[in-house]
2 protein chains.
Amino acid sequence: MSRRPLTIGRLASAAGVNLETVRYYERIKLMPPPARTASGHRAYEEGHIRRLAFIRRARELGFSIEQIRTLLALAEPTRASCAEVQEVAQTHLDEVRAKLADLAKLERILAETVARCSGDPAPSCPVLDILTTQKRA
Amino acid sequence: MSRRPLTIGRLASAAGVNLETVRYYERIKLMPPPARTASGHRAYEEGHIRRLAFIRRARELGFSIEQIRTLLALAEPTRASCAEVQEVAQTHLDEVRAKLADLAKLERILAETVARCSGDPAPSCPVLDILTTQKRA
DNA sequence: CCTGCACCCCGTAGCGGCTACGGGTGCAAG
DNA sequence: CTTGCACCCGTAGCCGCTACGGGGTGCAGG
């Protein structure tokens, strides 16, 4: 119920997004071009906050810009289909799981290797050993 | 024990790295500029393979280019100090663990949400709900 | 000897998803 | 009236490559 004009700065902080990012989203047509004041300043409405907040939460959940484009289209009131949304989300979940597995493997190797470090100013080091060892994927 | 000249293509495949990436590493001074044949082709030596393979393994372990620069300096035979190497690796391990934790949280939220999808062409969808819900970090 | 082809040369632009910079207006409070 | 912030715009930079285009080189087969 704010009466102040919805400038880009206010929109950005209302949605918890960087101001420059809002302009970027407009450039790549993720956000629609808003109305302008006589002097050319952007004038947003409540709906823009909701859209931007949606985008922000989707980004936090790691969805790509293109996936968000799809989700936004599917989120249109007339259009919503849980099955189609589920497909996008499942694809993303699969990608997240793949990255997670990779990162976990990495963590294990690094943790084991670092743990074997003496911490001495010695010339032999397990970390360098693992990087120098001839092993091919 | 190969007698064939070590061209960039051979070096790249010996170390398991893309050819363009080798030239990129040279541009950013991660690989030293090699000797050249009369016609200007790069002529590498065995040492270059070892250095490039080191870089590749470090990249696979997720070290940044700048971290690798440091590791390569510390790996110099005269220079090696396990304590200093350990510090770089520990920093990287901390970063990996932070990403891992974030990604795990993400995975849980996505998995839970997707699991609640009906799969119907219904207008209500848990995935859209979570993106539309007003919650601020 | 000539042709064809793989390999090499170089510089530059593109990817994703922003972020920063620079130089210019608009506008409101003190 | 002046200060100073918020906004305007276009462009370049970040990381770590990858791709593209338009050439030149080197070697094997015919």
Side-chain angles (χ1 to χ4, degrees), chain A residues 2-31 33-44 48 52 54-72 91-92 95-96 99 102 106, chain B residues 2-31 33-44 48 52 54-72 91-92 95-96 99 102 106:
Chain A
S2 65
R3 336 225 143 288
R4 326 274 276 111
L6 210 34
T7 62
I8 190 170
R10 283 168 197 287
L11 170 69
S13 57
V17 164
N18 187 314
L19 182 149
E20 310 267 32
T21 305
V22 180
R23 295 208 307 112
Y24 169 69
Y25 287 162
E26 184 180 326
R27 272 211 304 286
I28 65 169
K29 299 186 168 58
L30 197 58
M31 286 295 285
R36 299 286 187 140
T37 66
S39 58
H41 288 202
R42 288 168 179 83
Y44 293 95
H48 289 101
L52 187 53
F54 181 103
I55 295 170
R56 181 202 158 201
R57 281 188 290 269
R59 287 294 302 138
E60 282 173 357
L61 291 176
F63 285 94
S64 74
I65 298 282
E66 288 315 307
Q67 284 173 324
I68 294 172
R69 243 185 252 284
T70 306
L71 290 175
L72 282 165
T91 298
H92 177 47
E95 290 162 4
V96 167
K99 270 186 216 158
D102 275 6
L106 221 65
Chain B
S2 65
R3 337 224 143 287
R4 324 275 274 115
L6 209 34
T7 63
I8 191 169
R10 283 168 197 288
L11 170 69
S13 58
V17 164
N18 188 315
L19 183 148
E20 311 266 31
T21 305
V22 180
R23 295 207 306 112
Y24 169 70
Y25 287 163
E26 185 180 326
R27 273 210 303 285
I28 64 168
K29 296 186 169 58
L30 197 58
M31 287 293 286
R36 299 285 187 141
T37 65
S39 56
H41 288 202
R42 288 169 179 81
Y44 292 96
H48 290 101
L52 187 54
F54 181 104
I55 295 170
R56 180 201 158 203
R57 281 188 291 268
R59 285 296 300 139
E60 282 173 356
L61 291 176
F63 285 94
S64 73
I65 299 284
E66 288 314 306
Q67 285 174 324
I68 294 172
R69 243 184 252 286
T70 305
L71 290 176
L72 281 165
T91 297
H92 178 46
E95 290 162 6
V96 167
K99 270 185 216 160
D102 275 6
L106 223 65

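Computed from a predicted structure; not experimentally measured. Here is how names work: the chains are called A, B, and so on, in the same order as the sequence lines, proteins then strands, and each is numbered from 1.
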Per-pair distances, 0.1 Å, donor-acceptor, side chain in residues 14-27 of chain A, under 3.5 Å, sequence neighbours excluded:
{"unit_1": "N18(A)", "atom_1": "OD1", "unit_2": "E20(A)", "atom_2": "N", "d": "2.9"}
{"unit_1": "E26(A)", "atom_1": "OE1", "unit_2": "R42(A)", "atom_2": "NE", "d": "2.8"}

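We find that CD of E26(B) is positioned 10 Å from P of dG11(C), with the value rounded to whole Å. Spacing between atom CD1 of I55(A) and atom C1' of dG16(C) amounts to 16 Å, rounded to whole angstrom units. We find that CD1 of I68(A) is positioned 13 Å from P of dG16(C), with the value rounded to whole Å. With rounding to whole Å, Y44(B) atom OH is found 10 Å from dC8(C) atom P. Straight-line distance from the CG atom of L19(A) to the P atom of dA6(D): 10 Å, rounded to whole Å. One interatomic measurement links the two molecules: CD1 of I28(A) to P of dC18(C), which rounds to 8 Å at whole-angstrom precision.
At the phosphate of dA6(C), neither OP1 nor OP2 sits under 4.0 Å from any side-chain N or O atom of R10(B). One finds no side-chain N or O of R42(B) lying less than 4.0 angstrom from the OP1 or OP2 phosphate oxygen of dC8(C). Between T7(A) and the phosphate of dA6(D), there is no side-chain N or O to OP1/OP2 separation shorter than 4.0 Å. Here R56(A) does not reach the OP1 or OP2 of dC18(C): none of its side-chain N or O atoms lies under 4.0 Å away.
Rounded to the nearest 0.5 angstrom, E60(A) CD and I55(A) CD1 are separated by 12.5 Å. Note that the CG atom of L30(A) and the CD atom of E66(A) stand 8.5 Å from one another [nearest 0.5 Å]. Atom CE in M31(B) sits 9.0 Å away from atom CG in L72(B) (nearest 0.5 Å).
Take T37(A) and apply the side chain to side chain donor-acceptor pair (under 3.5 Å) test, not counting sequence neighbours, and it matches S39(A). Legend: residues meeting salt bridge (Lys or Arg N to Asp or Glu O under 4.0 Å) with R59(B), ordered by chain and number and at least two apart, are absent. Applying the ring-ring contact (aromatic ring centres under 6.0 Å, His included) criterion to H92(A), with sequence neighbours excluded, gives F63(A).
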Pairs under 3.5 angstrom, nitrogen or oxygen only, protein versus nucleotides 24-30 of chain C, please.
{"unit_1": "dG26(C)", "atom_1": "O3'", "unit_2": "S39(A)", "atom_2": "OG", "d": "3.1"}
{"unit_1": "dC27(C)", "atom_1": "OP1", "unit_2": "S39(A)", "atom_2": "OG", "d": "3.0"}

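In this structure, A43(B) and P34(B) approach most closely via the heavy-atom pair O-CB, 3.8 Å.
Ion pairing between E95(B) and K99(B) fails under the 4.0 Å rule for side-chain N and carboxylate O.
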Generate the contact string for nucleotides 11-23 of chain D. Rules: B means base contact, S means sugar-phosphate contact only, - means no protein heavy atom under 4.0 Å.
-----BBBBB---
